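Reviewing the structure listed below.
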There are 2 protein chains.
Amino acid sequence: MRLTTKGRYAVTAMLDLALHAQVKPVSLADISKRQKISLSYLEQLFSKLKQQALVLSIRGPGGGYKLNKHPQEVSVAHIIDAVNESVDSTSCGGVGNCQEGEMCLTHHLWTDLSAQIHTFLDDITLEHLLKRRDIKAVANRQTEHHLLDDVAPLTLTSNLSNSLTRTLTNKKG
Amino acid sequence: MRLTTKGRYAVTAMLDLALHAQVKPVSLADISKRQKISLSYLEQLFSKLKQQALVLSIRGPGGGYKLNKHPQEVSVAHIIDAVNESVDSTSCGGVGNCQEGEMCLTHHLWTDLSAQIHTFLDDITLEHLLKRRDIKAVANRQTEHHLLDDVAPLTLTSNLSNSLTRTLTNKKG
DNA sequence: TAATACTTGACTAAAATGCTTGGTTATTAA
DNA sequence: TTAATAACCAAGCATTTTAGTCAAGTATTA
Ligand code: FES
Ligand code: FES
């Protein structure tokens, strides 16, 4: 089974892209800042995402990436498949020959599990994630972070007066 | 997410143990031969399985391992948990702090997935696996293999005259 | 033309994995 | 009593994967 930081990063980055889907494309540098993912690493991931036609790229100043499909058309499984090589949990890759060319005792168990996981992740689209309350909360926090870091810390805090901001300020000092 | 050969080996070995659960204990050397798993590696795995009270050991000649619970009481999840450290697919370990001490965008997605996988694997017991036709077939093949390798190749083949044997002989030469 | 931002490929430190080696200890059958 | 058996234990090791860096591009636009 292959589900590591790579796949998580890809989903996180795609979700970030969906969250900030404006007219203008989103640069990897922005995603890198917000999601704290290494820029060069993101480049590798987006190279694959582009190969799978999940995103499209615009070069030059003001350029960046945009979603190539509607959020409801992009499933989490699709994203992970694009960067990993699938969420297969067999060791034979589905062929059924991991024990000296023959099928091992537990082959079917792992294919069943793989199918289960794939179904689960394939049912969840970016659209679904966008609507989730917990994700909205985190996204808001990140926006504030971003603004606080880069623009005008003092004037902004007065606007954003919810408990979340306060918790955050306490935590970060 | 951590589901690799280690966990698969553990489940396979436990299933082998269940399949050959007689009065006598089963030695790791036997499991090693049948399932083609390195003996020393099996020792490491069974050390952990014993710690979790899934098996018990009998030392000395004629010794080996036995199941410490009924097959219907041992779930696949339990076995994997014993050798891996759980099937968690978050990177924060469930704490929710993988992004510089704060929760990342996709935290809940991964906790949901982890729960899904755990539920699935926790519902499957050794008892269930023992009953499956595909597993029985592989187990039969392995028994034949074992006998063919060790005892009397020529006299035995006449008894075991099913298509499976033939397919197998063709494959192996 | 300079800055921006994607593109590509090679390379690497660190970690995990799967396994080996080389013992020791307990038990039992001869 | 002795030799064989088989569990137990610790250290180390080769390979692979991961997560990331670095460097040298190219296309676009302000
Ligand atoms: S996992 Fe497919 S044959 Fe073993
Ligand atoms: S996976 Fe839990 S906070 Fe990121």
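None of these values were measured; they are calculated from a predicted model. Residue numbering restarts at 1 for every chain, and letters A, B, ... go by the order of the sequence lines.
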What is the separation between atom CG on Asp30(B) and atom C1' on dA7(D), rounded to the nearest whole Å?
14 Å
Counting only side-chain nitrogens and oxygens, does Thr4(B) get under 4.0 Å of the OP1 or OP2 atom of dG18(C)?
yes
Selection from dT26(D), dA19(D), dT29(D) that lies nearest to any side-chain heavy atom of Arg59(A)
dT26(D)
If you compare every side-chain N and O of Ser38(B) against the phosphate oxygens of dT20(C) (OP1, OP2), does one of them come in below 4.0 Å?
yes
Short side-chain N/O contact from Tyr9(B) to OP1 or OP2 of dC19(C), under 4.0 Å
yes
To the nearest angstrom, the CZ-C1' distance between Arg8(B) and dT17(C) comes to 12 Å
Say whether His128(A) and Thr125(A), considering side chains only, have a donor N or O and an acceptor N or O under 3.5 Å apart.
yes
How would you label the contact of Phe46(A) with the nucleic acid (heavy atoms, under 4.0 Å): base, sugar-phosphate, or nothing?
nothing
Going by an N to O cut-off under 4.0 Å, is there a salt bridge joining Asp30(A) and Lys24(A)?
no
Length of the NZ-P vector between Lys48(B) and dA10(D), whole Å:
13 Å
Answer yes or no: does a side-chain N or O of Tyr65(A) lie under 4.0 Å from OP1 or OP2 of dT7(C)?
yes
Counting heavy atoms from C-beta on, name the nucleotide in dA19(D), dA3(C), dT7(C) closest to the side chain of Pro61(A).
dA3(C)
Short side-chain N/O contact from Thr5(A) to OP1 or OP2 of dA19(D), under 4.0 Å:
yes
Under 4.0 Å between any heavy atoms, over every strand shown, what does Ser40(A) touch: base, sugar-phosphate, or nothing? Just pick one.
base
When only distance counts, do a donor and an acceptor, one from the side chain of Gln44(A) and one from the base of dT21(D), lie under 3.5 Å apart?
yes
Tyr41(B) OH to dT17(C) C1', in whole Å, measures 6 Å
Whole angstroms only, please: what is the CG-C1' distance between Leu39(B) and dT20(C)?
11 Å
Does Lys6(A) make a side-chain N or O approach to OP1 or OP2 of dG20(D) shorter than 4.0 Å?
no
Distance-only polar pair, side chains of Thr90(B) and Thr111(B), donor-acceptor under 3.5 Å
no
Check this for me: does the side-chain of Glu43(A) come within 3.5 Å of the base of dC6(C) through a donor and an acceptor?
no
Any side-chain N or O of Ser57(B) under 4.0 Å from OP1/OP2 of dA6(D)?
no
Expressed in angstrom and rounded to an integer, what is the separation of Leu56(A) atom CG from dA27(D) atom C1'?
16 Å
Tell me the interatomic distance from Leu28(A), atom CG, to dG20(D), atom P, rounded to whole angstroms.
15 Å
Under a plain distance cut-off of 3.5 Å, with no hydrogens placed, do Gln35(B) and Gln142(B) share a side-chain donor-acceptor pair?
yes
Is a side-chain donor-acceptor pair under 3.5 Å present for Thr5(B) with Ser91(A)?
no
Check the distance between dC9(D)'s P and Leu49(B)'s CG and give it to me in whole angstrom.
14 Å
